[in-house]
Structure formats: structure tokens, C-alpha cells
Number of protein chains: 2
Amino acid sequence: MAATERSTRDRLLDAFETLLVSAGSRSATLDAVASAAQVSKGGLLYHFHSKDELVDGMLARLREQGRADVEKMRTATKGPVDFYLTTSINTGSDFDRALIAASRIAQDNDSRASDALGDLREWWFAVLLEHLEDESLARTIQLIGDGLYFDDTTGLNEKNALKHVRDVLTRLGAL
Amino acid sequence: MAATERSTRDRLLDAFETLLVSAGSRSATLDAVASAAQVSKGGLLYHFHSKDELVDGMLARLREQGRADVEKMRTATKGPVDFYLTTSINTGSDFDRALIAASRIAQDNDSRASDALGDLREWWFAVLLEHLEDESLARTIQLIGDGLYFDDTTGLNEKNALKHVRDVLTRLGAL
DNA sequence: CGTACTATACCGGCTGGACGGTATAGTGGA
DNA sequence: TCCACTATACCGTCCAGCCGGTATAGTACG
């Protein structure tokens, strides 16, 4: 049945992402993914014929989530800048998990992953630029978002980082 | 002889870092490191009894390089902020390579690596804060540096990023 | 209605290769 | 003679991918 198929497929992708985020790409083995999703290895390979296909499936889902996120950013009540910065900090959402998982894959010099991340960055930047009409400011804010994101994924999380950023951006009239 | 020992040791660490940077941690195997450094596997294990020791050796060297970098930052002619931002972009220096290599290791959830990176961040922040006397600004600039650095390591390099950042920081009177 | 066949969704054992690490015998220079 | 290696063989484990098999639901035909 189609419904059952999608559910198992998504559970496998969820498990793959979770393993990537919590333990790195070395630990995200097919066996580990399968057992985390409570599926046999054969079951995993039924849905994804290889590890590469698992990565492709994950990145395809990431792009979908990204498109939805950009739409939310565009129409956010507090404005796109605030939305962008707030969501640059890992809240544990599905999208955050997918994003971090993709960057783990990108670290293994997988161009598919860096291409996907690059696309997302372009989409976000387009919204920032459209809103601010100031390329330097838009680029700088995007870098701050990248920094917040990087710190989170590297375990360098600074508690009040967002507060300081808001302070500075207020001085610039960007918030 | 001590001189010969250090040279081979450093060549092994260089090879390890290069492999980490150019192909990710999965590819940085003991065999690959040894052959890249033109040393036999036995030779590698003579200097580093395990892969863990190889990582420790790399991180120890990184800290040394970091201390030297902070000193240069403190006394830079154009000021620490400019120095920090300029060197946040990968120039291919030994220190850049060591930093990226460490972040690859950190992605595998190795706390030794994230601890080392966290220490470096603290050192840089102390200099920024001392110079700017403005915590929000210092934190924000550090995030921008993190962003520049992250983009470089993820293959998302934006050509004129630094120009835009300088523009914005000039408006803030930080440059 | 029942038999034959097909498609979908999965199970789990197996293999071959890679990898970390051990061990050991040997070599060239100071 | 010791140090700093080289060279090579080997071990146990892990892992990607393969494959034969199972269960179930649906379909076509007589």
C-alpha cells in the first residue's frame, strides 16, 4: 500500500538523519539505520538500493522542507530577518535535523550535499535581499546565520548569541 | 635524531590533515596517511601508536598554531578585527588546514576536537572584546568569522563576502 | 469460486573487501 | 649498538551490497 510504503521510507530517512546528527557519518551505517528504523537491512535496501540512494532521498526531502521554510520566512510576522536568525539556531525541528545531516554528508566531500546546501542558501539570500534591498547587509546577515548554525552543529553553542546579534542589527536598522 | 623525527612526525600530521580536508574523515585511513606521507604503515605507528594518538597530535599542534595566530591578531597593523575576518577565509595556510581538519574530526562527535576549537574561539573572542569593548559587537563579529569559515569548509564560498562584511562593519564603526 | 500468477514489502544470512592494530625481521646511519 | 625507520604478513571486526526466501494482497482466467 502506498501509505505504508511512504511511512517506512520516511522512518528510514529519519533514522539516517538522526544517526548522522548524533554520531557523524562514520556511524550512520546501513545496519545502524535499519535497526534504528526497526526495519531489517534487506527492508532498507528494498527502499534504497544503495547508500547513495539513501543520501539522494534525504537531500530530496531536504529541498522540499527548504522550499516550505523559505515560504514561511517570506511571510513571517516579525519579518524575514528575524525569522532567518531565529531558525538558524537548532531547535531540534525536522528541518534542522535534515540540515545538519546534510552538512555532515557535505563534510565527506559529497558535492550533492554541498549543492543542496548551496541552493538553500541562495533561496534564503534572495528573500533577505528582497526585504533589505542592501546586498552588503543581506550577505552579512546570512553569514551571521551561518555562524549561528555552525556553532550549533559543532557544539560551540553560545547561550546569548542571538541577543547580541539582535542588538547589533538594531543599530543597523535591520530589525 | 630529533630533527629527523620531528620532520617525519610533522609530515604525517600534514598528510593526515590534508586527507581530512580534501576527502573527509572516512578517507583518512592509516594506510592512506602513511602512503601520502611516504612513510610505511609501521613507520606511522612508530610515531603514533593509534589513530587516536594521531588525532591528539594534530590537535596539540593546532593549539600551538592557534596561540601564535592569536598573538599575530593582537598586534596586527590593521587591527584585530580586520585580521580576524581576513584570516577567517581559507587561504590554504597550514593553520587553515589544521582548523578545517579539526572541524572534520569534530563532526564525528569527537569532543577532543570540539574542545580544541572551542578554546581557539575563546582566545579570539578575548582579543575582540578587549579591542572593541562591546560584547554584542564582538560576539557578532565572531559569528561572521564563523560564517565565513563555515562557508569555506562547506564549499559555499562567496567571492565578495569579505567586502560586504567590511562595508557593514564600517557603518558600525568597528573598522 | 478456485487456481495460477504477479507485485509489493520485507527478512536475515552471507561474502568480500577495507580498516585498525599487532608482530616481526631487517636495514642504514650516527 | 641504538635509533628510526621499512617491509610484509597477519588478525578480528566492521560494513556495503547481494541474494534467496517469506508473507500478503490483488488480478486474470476458467
Side-chain angles (χ1 to χ4, degrees), chain A residues 1-59 61 101 104-105 107-113, chain B residues 1-59 61 101 104-105 107-113:
Chain A
M1 200 184 292
T4 317
E5 178 191 354
R6 267 199 74 189
S7 149
T8 300
R9 228 188 100 98
D10 277 338
R11 254 172 40 233
L12 284 164
L13 291 177
D14 291 348
F16 185 39
E17 289 176 359
T18 300
L19 280 163
L20 282 172
V21 171
S22 64
S25 79
R26 292 186 83 96
S27 308
T29 66
L30 294 186
D31 277 307
V33 171
S35 93
Q38 288 179 304
V39 171
S40 72
K41 194 173 183 177
L44 188 167
L45 286 162
Y46 171 79
H47 289 284
F48 304 97
H49 296 347
S50 68
K51 207 173 186 182
D52 265 2
E53 277 192 21
L54 196 58
V55 172
D56 286 334
M58 191 196 82
L59 294 176
R61 207 174 64 164
R104 302 282 207 224
I105 298 290
Q107 303 286 319
D108 289 337
N109 273 51
D110 188 318
S111 61
R112 295 169 299 170
Chain B
M1 200 188 290
T4 317
E5 179 191 353
R6 267 198 77 191
S7 150
T8 301
R9 227 189 101 97
D10 277 338
R11 254 171 41 234
L12 285 164
L13 291 177
D14 291 348
F16 184 41
E17 289 176 359
T18 300
L19 280 163
L20 283 171
V21 170
S22 64
S25 78
R26 293 187 82 94
S27 308
T29 66
L30 293 186
D31 280 306
V33 171
S35 91
Q38 290 179 300
V39 170
S40 71
K41 191 177 177 180
L44 189 165
L45 287 160
Y46 174 80
H47 289 283
F48 304 98
H49 298 345
S50 68
K51 205 173 187 182
D52 265 2
E53 277 193 19
L54 196 57
V55 172
D56 286 334
M58 192 196 80
L59 295 176
R61 207 174 64 164
R104 302 284 207 226
I105 299 291
Q107 302 287 319
D108 289 337
N109 274 51
D110 187 317
S111 61
R112 293 170 299 169

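Chain A is the first sequence line, chain B the second, and so forth, proteins listed ahead of strands; every chain is numbered from 1. These numbers come from a predicted model, not from an experiment.
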Whole-Å distance separating the [atom1] atom of [X] from the [atom2] atom of [N]:
X	N	atom1	atom2	result
L12(B)	dC5(D)	CG	C1'	11 Å
L54(B)	dC19(C)	CG	P	15 Å
D31(B)	dA9(D)	CG	P	14 Å
L44(B)	dA7(D)	CG	C1'	15 Å
Y46(A)	dC19(D)	OH	C1'	16 Å
D10(B)	dA4(D)	CG	P	15 Å

Main-chain N/O of [Y] paired to [X] side chain as donor or acceptor, under 3.5 Å:
X	Y	result
R104(A)	S25(A)	no
D108(B)	D110(B)	no
R112(A)	D52(A)	yes
N109(A)	S22(B)	yes

- request: Look at T8(B) and dA4(D) and indicate whether a side-chain polar atom (N or O) is within less than 4.0 Å of OP1 or OP2.
  value: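 Looking at the OP1 and OP2 atoms of dA4(D), neither is under 4.0 Å from any side-chain N or O of T8(B).
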H47(B) vs dA4(D): side-chain N/O to OP1/OP2 distance below 4.0 Å: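 No, no such contact exists.
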Would you tabulate the nitrogen or oxygen pairs shorter than 3.5 Å linking the protein to nucleotides 21-24 of chain C?
unit_1	atom_1	unit_2	atom_2	d
dG21(C)	OP2	K51(B)	N	2.8
dG21(C)	N7	K41(B)	NZ	2.9
dG21(C)	O6	K41(B)	NZ	3.0

task: Give each stem of DNA chain C as a range with a range, requiring at least 3 consecutive Watson-Crick or G-U wobble pairs whose two distances are under 3.5 Å.
output: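 Stems (3+ consecutive pairs) listed as C:1-30 with D:1-30.
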task: Check step by step if side chain to side chain contact (heavy atoms under 4.5 Å, CB included) holds for M58(B) and I105(B).
output: CA-CA 10 Å; M58(B) 192 196 80; I105(B) 299 291; 4.2 Å; yes
Which atoms form the tightest heavy-atom contact between [X] and [Y], and what is the distance?
X	Y	answer
V39(A)	L44(A)	CG1-N, 3.6 Å
A32(B)	S27(B)	CB-O, 3.7 Å
F48(A)	G57(A)	CE2-CA, 4.4 Å
A28(B)	K51(B)	O-NZ, 3.0 Å

- request: Enumerate the residues from residues 17-29 of chain A whose closest heavy atom to DNA chain D is under 4.0 Å, giving them by residue number; use none for an empty result.
  value: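 Here the set is T29(A).
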message: Rounded at 0.5 Å granularity, tell me how far CG in L54(A) sits from CZ in R9(A).
response: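 One finds 9.0 Å between CG of L54(A) and CZ of R9(A).
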task: Take atom CD of E53(A) as the centre, draw a 6.0 Å sphere, and report whether it contains more than 12 heavy atoms from other residues, nucleotides or ligands.
output: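 It does: E53(A) CD has more than 12 such atoms within range.
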